[in-house]
J.: 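The structure's right below; bear with me while I get my questions together.
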Amino acid sequence: MGSREEALASKVFGSGRDIVFIHGLFGSGENLRGIGKHFEALNRVHYPDLPNHGGSPHTHRADYATMTALMLGYLEEQTSAAVLVGH
């Protein structure tokens, strides 16, 4: 997990505590920026594209185990402790 080929695409804004916005089906990280931008002044806000979405890698497997493993890899590489917000 976490190799460059498997890394999730993400946009990150601000600095401070990590907040990760996780979009819903058929979306992308940008979908939640309208809400998340209000937190960017005091926090480091992440907008990752989930696997098989946006600029992230498209996998041959689209099951929860694969998607969860890729998201956990992102969290381990990009954050020390994060608040998760999902749709």
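Just so it is clear, the values below take in all heavy atoms, side chains as well, and ignore hydrogens, waters and symmetry mates.
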J.: Give the minimum heavy-atom separation between Asn31 and Gly27, together with the two atoms involved.
T.: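 Taking every non-hydrogen atom into account, OD1-CA, 2.8 Å.
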
J.: What distance do Leu8 atom CG and Leu50 atom CG have between them, rounded to the nearest 0.5 Å?
T.: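 Nearest 0.5 Å value for the CG-CG distance: 7.0 Å.
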
J.: Check the hydrophobic clustering (I, L, V, M, F, W, Y; side-chain heavy atoms under 4.5 Å; chains of links allowed) and say if Ile35 and Phe13 are grouped together.
T.: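 Result: yes, single cluster for both.
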
J.: If you round to the nearest 0.5 Å, how far is OG of Ser80 from CZ of Arg44?
T.: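 Reported to 0.5 Å precision, the distance equals 9.0 Å.
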
J.: If you compare all heavy atoms of Ala9 against all heavy atoms of Ser56, which two are closest, and at what distance to 0.1 Å?
T.: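 Reported closest heavy-atom pair: N-OG, 2.9 Å.
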
J.: Minimum heavy-atom separation for His23 to Gly29, with atom names?
T.: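 Heavy atoms only, the tightest pair is CD2-N, 3.5 Å.
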
J.: Among Val85, Leu75, Val83, which residue satisfies the side chain to side chain contact (heavy atoms under 4.5 Å, CB included) criterion with Val20?
T.: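 Answer to the side chain to side chain contact (heavy atoms under 4.5 Å, CB included) test with Val20 among Val85, Leu75, Val83: Leu75.
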
J.: Tell me whether the rings of Tyr47 and Phe21 are parallel (<30°), tilted (30 to 60°) or perpendicular (>60°).
T.: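 Tyr47 vs Phe21 ring planes: parallel.
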
J.: When rounded to the nearest 0.5 angstrom, what is the spacing between CD in Glu76 and CE in Met71?
T.: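 The CE atom of Met71 is 11.0 Å from CD of Glu76, to the nearest 0.5 Å.
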
J.: So, for Asp49 and Gly55, which heavy atoms are closest and what is the spacing to 0.1 Å?
T.: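 Asp49 and Gly55 have their closest heavy atoms at OD2-N, 2.8 Å.
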
J.: Counting only N and O atoms by type, is there a donor-acceptor contact under 3.5 Å from the side chain of His38 to the main-chain atoms of Gly36?
T.: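 A pair under 3.5 Å: no.
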
J.: Is there a path of hydrophobic side-chain contacts, each under 4.5 Å between heavy atoms of I/L/V/M/F/W/Y residues, joining Met67 to Leu32?
T.: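 Shared cluster, no.
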
J.: Per the side chain to side chain contact (heavy atoms under 4.5 Å, CB included) rule, which among Asp18, Ile22, Ile19 passes with Leu84?
T.: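 For Leu84, the side chain to side chain contact (heavy atoms under 4.5 Å, CB included) check succeeds only for Ile22.
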
J.: Of all the heavy-atom pairs spanning Thr66 and Asp63, show the shortest one and how long it is.
T.: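 Minimum heavy-atom separation between Thr66 and Asp63: N-OD1, 2.7 Å.
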
J.: Please determine whether the number of non-hydrogen atoms from other residues, nucleotides or ligands lying under 6.0 Å from atom CZ of Arg33 exceeds 12.
T.: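 Result for CZ/Arg33: enclosed.
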
